[in-house]
Amino acid sequence: MDYPKEWQVHLSKGERIAAVLRLNIINGEMDQHRLITENQIADRFKVSRSPVRDAFKILSQERLIRLERMGAEIIPFNEEKRQELSDIRLMIEAFAFTKIVERNDIDMIIKNMLQSLEIMRVSVQFEDATRFTTEDLRFHEVMVEACEHSYLMHIWQQMKPIMLCLIYISMKERMETNRSDFERILDNHQQFIEAIKAKDRHQMYEAFKANFNDINNNIGAFWS
């Protein structure tokens, strides 16, 4: 699976290498526990070793590789890690909802979410998994940004590259094998908007179940 070129435009060489390797690791295309070296990756991307070092540093911080004396060991991105990531995401978005309903500009927040949702609909029509993924994550990011919570946003930004890959892998596969499922996905996102409009905690809980139940079996813990 190729990393979308649209997402590489503003990246440095090191960030671009990290982005491609990140997708390969999460998608399982790179052998787990395999040792990779700076020279191997430099040859693959036709670059010097300097941007490869930058890429290794990024991936090490994301705990996708473990730096060793002779290179870097790939750390398996398993179901436990997926669960942990979705746990943090659910905590952030659950908190975001409690802050959004207190704001006076809630109509603008809803408008921005509707805009992303509409672009997602168009992306399905044109079978554009890349744009769908961008707007899907943007849809949820609108809620997080509305908190105006700097530490929360910092955590979100750290998680964002991995979330982007996970969503892209899932949506690209659906585009190719199960396009009809996007009607359900879009309806589930509409539930978020309706819950915010109503400022209804129970509706938001139901929206979270509809959107995340397939990747997290402990949603109730965040809404008890």
Side-chain angles (χ1 to χ4, degrees), residues 1-4 7 17-36 55-68 71-97 120 129-130 132-141 143-144 152 154-182 184-189 191-192 204-224:
M1 181 181 290
D2 295 328
Y3 191 82
W7 296 346
I17 294 168
V20 174
L21 296 180
R22 182 187 299 116
L23 182 64
N24 293 161
I25 293 169
I26 293 174
N27 199 30
E29 294 178 22
M30 295 185 73
D31 296 337
Q32 298 176 356
H33 300 299
R34 169 186 166 192
L35 188 70
I36 54 177
F56 279 11
K57 182 177 179 181
I58 292 169
L59 296 175
S60 175
Q61 290 171 343
E62 294 174 352
R63 299 184 181 181
L64 293 175
I65 63 172
R66 183 183 297 109
L67 296 178
E68 304 285 355
E73 181 185 3
I74 297 171
I75 301 174
F77 192 84
N78 53 27
E79 287 304 315
E80 182 181 357
K81 284 194 172 184
R82 291 172 188 266
Q83 179 79 25
E84 289 177 356
L85 189 73
S86 65
D87 283 346
I88 300 300
R89 180 176 174 181
L90 284 167
M91 283 190 282
I92 290 174
E93 294 195 42
F95 177 77
F97 173 73
M120 288 162 67
T130 303
F132 186 96
T133 299
T134 301
E135 292 303 325
D136 187 346
L137 195 55
R138 178 60 190 158
F139 178 96
H140 295 275
E141 191 169 88
M143 293 194 296
V144 181
L152 205 66
H154 175 68
I155 296 170
W156 178 269
Q157 291 296 338
Q158 286 185 313
M159 295 165 51
K160 189 172 178 178
I162 295 178
M163 291 192 294
L164 197 68
C165 286
L166 287 170
I167 297 170
Y168 178 65
I169 291 167
S170 176
M171 296 309 159
K172 187 169 177 58
E173 181 181 357
R174 280 184 170 92
M175 288 279 186
E176 295 171 354
T177 63
N178 190 17
R179 277 191 64 199
S180 61
D181 193 42
F182 280 96
R184 175 189 64 84
I185 294 171
L186 294 169
D187 287 345
N188 289 347
H189 281 74
Q191 287 187 47
F192 273 106
M204 182 56 83
Y205 170 58
E206 292 299 321
F208 268 80
K209 284 203 299 183
N211 277 272
F212 296 111
N213 204 40
D214 60 335
I215 61 172
N216 194 302
N217 56 15
N218 197 31
I219 294 172
F222 306 105
W223 294 86
S224 59

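Numbers for residues simply follow the sequence, beginning at 1. Just so it is clear, the model here is predicted, and its values are computed rather than measured.
- Between the side chains of E80 and N78, no donor-acceptor pair is found at a separation under 3.5 Å.
- Taking every heavy atom of both residues into account, Q191 and A210 meet most closely at NE2-CB, 3.8 Å.
- Contact detail for G71 and L35: the closest heavy-atom pair is C-CD1, 4.1 Å.
- The number of heavy-atom neighbours closer than 6.0 Å to NZ of K81, taken from other residues, nucleotides and ligands shown, is above 12.
- Between the OH atom of Y3 and the CZ atom of R22 there is a distance of 6.0 Å, given to the nearest 0.5 Å.
- Counting only N and O atoms by type, the side chains of N178 and S180 include a donor and acceptor under 3.5 Å apart.
- From M1, atom CE reaches atom CG of L23 across 6.0 Å, with rounding to the nearest 0.5 Å.
- The two atoms that bring A55 and A18 nearest to each other are CB-N, 3.7 Å, heavy atoms only.
- In this structure, the side chains of E62 and F77 stay at 4.5 Å or more apart for every pair of heavy atoms.
- Other residues, nucleotides and ligands contribute over 12 non-hydrogen atoms within 6.0 Å of the CZ atom of R34.
- Interatomic distance, CD of E93 versus CG of L152, reported as 10.0 Å (0.5 Å rounding).
- Atom CG of residue L137 and atom CG of residue L166 lie 10.5 Å apart, to the nearest 0.5 angstrom.
- Contact record, M175 with F182: N-CE1, 3.7 Å, taken as the closest heavy-atom pair.
- With 3.5 Å as the limit, one finds no donor-acceptor pair spanning the side chains of R82 and S86.
- Within the 4.5 Å cutoff, side-chain heavy atoms of F132 are placed close to those of L186.
- The CD1 atom of I74 lies 4.5 Å from the CD1 atom of I36; values are rounded to the nearest 0.5 Å.
- Under the rule for a side chain to side chain contact (heavy atoms under 4.5 Å, CB included), the partners of D187 that lie at least two apart in sequence or sit in another chain are E183.
- No side-chain heavy atom of M91 sits under 4.5 Å from any side-chain heavy atom of F95.
- Closest non-hydrogen pair, C165 versus I26, comes out as CB-CD1, 3.8 Å.
- Annotation: side chain of H140 is in contact with side chain of F192 (closest heavy-atom distance under 4.5 Å).
- Here I185 contributes atom CD1 and M171 contributes atom CE; the two are 4.0 Å apart, rounded to the nearest 0.5 Å.
- Taking 4.5 Å as the limit, some side-chain heavy atom of H189 sits within range of a side-chain heavy atom of D136.
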Please lay out, stage by stage, how N188 and R184 fare under the test side chain to side chain contact (heavy atoms under 4.5 Å, CB included).
-> CA-CA 6 Å; N188 289 347; R184 175 189 64 84; 3.2 Å; yes
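- The side chain to side chain contact (heavy atoms under 4.5 Å, CB included) check on P4 picks up E6, W7, T130, Y168, with sequence neighbours excluded.
- Residues T133 and K172 have side chains not in contact (no heavy-atom distance under 4.5 Å, counting atoms from C-beta outward).
- The side-chain hydrogen bond (donor to acceptor under 3.5 Å, both in side chains) search around K160 returns E141, not counting sequence neighbours.
- Taking the six-membered ring for Trp and the full ring otherwise, the centers of F208 and F97 sit at least 6.0 Å from each other.
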